[in-house]
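Here, residue 1 is the first one in the sequence, and each next residue gets the next number. Ligands are counted one by one from 1 in listed order, and the atoms in each one are counted from 1 as well.
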Amino acid sequence: MIYQRFGQIIGFFALLCCFCVSALAQEAQRPLAPEFATGTQEKRAAFGQKFMAVTAHPDATKAAYDILKKGGTAADAGIAAQMVLGLVEPQSSGLGSGGFVLYYDAKKNHLITLDGRETAPEAAGSHLFMNEDGKPMKFYEAAIGGRSVGVPGLLRMLEKLHAWQGQLPWADLFDPAIRLASEGFEVSVRLSKMLEKEKKRFEVDTTAKLYFYPDAITPLRAEDKKQNPDYAITLRQMAQHGVDDFYEGEIAKNIIAKLQENSTSRGLMTLEDMASYRTKERQAVCGSYRGYKICSMGEPSSGGLTLLSTLGMLEHFNLASWGGDNPKSWHVISEASRLAFADRNKYMADPDFVKTPGARLIDPTYLKKRAALIDPDKAMLQVSAGTPSGWKKNVKRAPDPSIKPPGTTHLSIVDLYGNILSMTSSIENAFGGRLMSNGFLLNNQLTDFSFLPHDENGKPIANKVEGGKRPRSSMTPTIVFDPHGDPFMVIGSAGGSRIIGYVLQRIIAVIDWQMDIQSALDMPHILHRGKKLEVEETGVEFAPALKNFGHPVLVGEMNSGLTAIRFKDGMLFGAADSRRDGVAMGK
Ligand code: GLU
């Protein structure tokens, strides 16, 4: 297969550098990826018959595996693993972050989604990330420090998940993380390499700096044993007394104090913002693709709708017969993605604050019309958002009265009872706002809002900052059911707005091209987020042919963090992305 001809990369190296430089110039506002790459490792799928856990770190997978073995549910295992991830993979998620859960309750044959996305402080306005000269801030100017920190939704979300779907006692789920935090965990190569590159960004907070650079200069080294006594204390508190102290007690006070410490980037968050945080239960968004039912997270994540919109257009093209080696397939996938991203960028936002078309964007009749815009031989010159039927423009929805005005990781888990957890959690940029309180880092999730309040025509941007609102996400925790309605695949990823393309590609690879799950995860990424067609270095040979279709092509590093489980012939195949440290363990 063409994917295996990695040797050709070297021949294309000069070409690649030139694409990368131009990309950097174009993307001055945002970093190329929330987390950078730290190398790849060859991986094999794990298989089991009873249960399976896949996370981004071996310690977290082991914690989930042990809970599943004891008869815990996927919810129990996910909570235990998340507590470990906050310790061993602090660059991606933790108690100071937020996330989304998509959960399949096997007994009831029912899907639940929980929205634990951060909220903007009540006092935040649409100019939060604008400078006095009327220009938007540079990304890191906005991200580092207190200004970008949203109310962390993760713990309230996990509390609710446990109340609904937990089986083992809440307190037991904290044991593996408490043990590792007290006795010390082994620092990964990835964490150490990331710290080497990040040092200057930790000047904002001495606590965080001295945790990661104990002599204030040298980063934690791979294989060091690192303890985090403050995190152990916080976890014990959460385990014994629940999460109220985090939102309403001493920990909330410490978080607010931390946001005030840095005079150049003070946070606006108050104790009331913390206390009023609520997890939202929302309906999963589902659509069909070649007879399979694909379900994912709805707004405020753009992940599910953009994924389903792209797949709905691709139904009209025979990707199976063209195959994954054929640049024509990638051209058409890219065109459908461009159309879906145009809708995403215009419409998708927190539905409690903005009237959005929602499921109208994935209506099959609408998508058929959008698909008709695609020329299989040539890239469209321009792409703009469509108008779904029944959608009245410029109608504002009043804010939901139940709302007081006011780096990323994915876990795929199947338990003994057939329940499924697909959960993505995120601190946003690697190490978030680089602020540490009570042994955990605080997010910079508010930079997922639009920095500009208005578009070039002076119209308000749906995803502008508003007090109490949740920033638009791209997280795409997904579960696929086969044409008989049985679970077929669980999947999700890290990677900012590329997450959508990462997940899309694997669904196509498994359904249309019948690839096994590990090969599907490992194949080179090829995706389009609206501006350029992006090709991972290992797939550089596709670049010339895709340019011939008329696409501007960017070749570079793409640090996904996929985890997935495939249900096949009564077996569970778990796979982790070779681009990160994750592992799968099943029985
Ligand atoms: N903050 C991003 C989002 O919610 C995810 C960042 C990442 O994947 O690292 O879409």
One finds that the ligand 1 atoms under 4.0 Å from a non-hydrogen atom of I499 are 8 (O)
Could you list which atoms of ligand 1 come closer than 4.0 Å to a heavy atom of S426? 1 (N), 5 (C), 6 (C)
For atom 6 (C) of ligand 1, which of the options T408, T447, I427 provides the nearest non-hydrogen atom? T408
Residues N559 and R190: side-chain donor-acceptor under 3.5 angstrom: yes
Flag for S97-Q445: side-chain donor and acceptor within less than 3.5 Å: no
With under 30° as parallel and over 60° as perpendicular, where do the rings of F202 and F431 fit, or are they tilted in between? perpendicular
Where ligand 1 meets S474 - atom numbers and elements under 4.0 angstrom, heavy-atom basis: 3 (C), 4 (O), 10 (O)
Just wondering, are more than 12 heavy atoms of other shown residues or ligands nearer than 6.0 Å to CD in Q283? no
Can you tell me if R117 contacts ligand 1 (heavy atom of the residue under 4.0 Å from the ligand)? yes
In ligand 1, which numbered atoms sit nearer than 4.0 Å to a non-hydrogen atom of M475? 4 (O), 10 (O)
Rounded distance (nearest 0.5 Å) linking atom CZ of R282 with atom CD of E299: 8.5 Å
Taking salt bridge (Lys or Arg N to Asp or Glu O under 4.0 Å) as the criterion, tell me which of R278, R117, K280 meets it with D352. K280
If we number the atoms of ligand 1 from 1 as shown, the ones under 4.0 Å from a heavy atom of D448 are 1 (N), 2 (C), 3 (C), 4 (O), 10 (O)
Numbering the atoms of ligand 1 from 1, which are under 4.0 Å from a heavy atom of G496? 5 (C), 6 (C), 7 (C), 8 (O), 9 (O)
